[in-house]
Participant: 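Before I ask anything, let me first share the structure, which is written out below as structure tokens.
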Amino acid sequence: MSSIVISGDTSGAVTLTVPATAGTNTVTIPASTGTVMVSSNMPAFSAYQNSGQSISASTFTKITCNTKEWDTNSNYDNATNYRFTPTVAGYYQVNGVIGFTSSVRTNSVAAIYKNGSIYKTLSQIDANFYIVGGSSSVYLNGSTDYIEFYVFTNVSGTTSTGTDKTSFSATLIRSA
Amino acid sequence: MYDKIMALYPSLTEQDFLTVITLQNDSDGKGDYIAKWEHPTLAQPTAEQLK
């Protein structure tokens, strides 16, 4: 395996390594200015609920997804604030789903909060469904910006749990 | 919180709680609270009224 090491002016280094496999491969660097994204600077997380959460009627309530499926950059707080505060600035695809244990409600809204305020209403249902959710993209500055997931429903109830029910996730899709 | 507000103002609708009034719970153990009250005619309930 051959490598090229580029040392920084004062410290640090970047190593470019070619795999020791047959064939010729080409990587084209675009004629543009930007940051090359690699797996370690592309935060992504996914979390779900493993215990039901009580939701008051007509009250935007933060969803407490307390079990991580993955959190590549340790940016999701699954214990206290249930928020994602990525350390890389960029545009993130955000997804959220809330399941309920009953379908008696007739009006539910899922919403992404950014820095404590509603950023996007993902979806609103006006019928007897068990599930509400959706997705959106959001710019996060990589330091102070954070997102959380809330739900509003017209009848109090309990969320349903499991990886396929109440969950929250986000992935960097483009750096700043 | 919602039930107490509805007892005070039975004329409020679901839509009011999606537009001019926001009740919120940040799942931090502090419970429900009024995050926004912009109803054009009804005054925001006092803490005493919500006890």
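As a basis for the values below, the full set of heavy atoms in this structure was taken, side chains included, without hydrogen atoms, waters or symmetry mates. First the proteins, then the strands, lettered A, B, ... as listed; each starts at 1.
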Participant: Would you say that F149(A) contacts L122(A) through its side chain, given a criterion of any heavy-atom pair below 4.5 Å between the two side chains?
Facilitator: yes
Participant: With rounding to the nearest 0.5 Å, note down the distance linking CD in Q49(B) to CD in Q44(B).
Facilitator: 10.0 Å
Participant: Which residues, numbered in order, of residues 151-176 of chain A come under 4.5 angstrom of chain B by heavy-atom distance?
Facilitator: F152(A), N154(A)
Participant: Show, in sequence, the C-alpha distance, side-chain angles and deciding distance for Y2(B) and F17(B), and conclude whether the ring pair (Phe, Tyr, Trp, His ring centres under 6.0 Å) test is met.
Facilitator: CA-CA 9 Å; Y2(B) 171 77; F17(B) 289 90; 5.1 Å; yes
Participant: Can any side-chain N or O of N141(A) pair as donor or acceptor with the backbone N or O of T144(A) at less than 3.5 Å?
Facilitator: yes
Participant: For L16(A), is the CG atom crowded, meaning more than 12 foreign heavy atoms sit under 6.0 Å from it?
Facilitator: yes
Participant: Have T19(B) and D16(B) got a donor and an acceptor in their side chains that come within less than 3.5 Å?
Facilitator: no
Participant: Would you say Y146(A) and L140(A) make side-chain contact, with heavy atoms under 4.5 Å?
Facilitator: no
Participant: Out of D28(B), I5(B), D3(B), D26(B), return the one with the most heavy atom pairs under 4.5 angstrom to chain A.
Facilitator: D26(B)
Participant: First locate atom CG of N73(A), then atom OG1 of T87(A), and finally report the distance between them rounded to the nearest 0.5 Å.
Facilitator: 4.0 Å
Participant: Taking the six-membered ring for Trp, is the centroid-to-centroid distance between F84(A) and F45(A) below 6.0 Å?
Facilitator: yes
Participant: Can you tell me how far CD1 of I98(A) sits from OG of S123(A), rounded to the nearest 0.5 angstrom?
Facilitator: 7.5 Å
Participant: May I ask you to list the residues in residues 49-72 of chain A that approach chain B closer than 4.5 angstrom, counting heavy atoms only, ordered by number?
Facilitator: Q53(A), S56(A), A57(A), S58(A), T59(A), F60(A), T61(A), K62(A), T64(A)
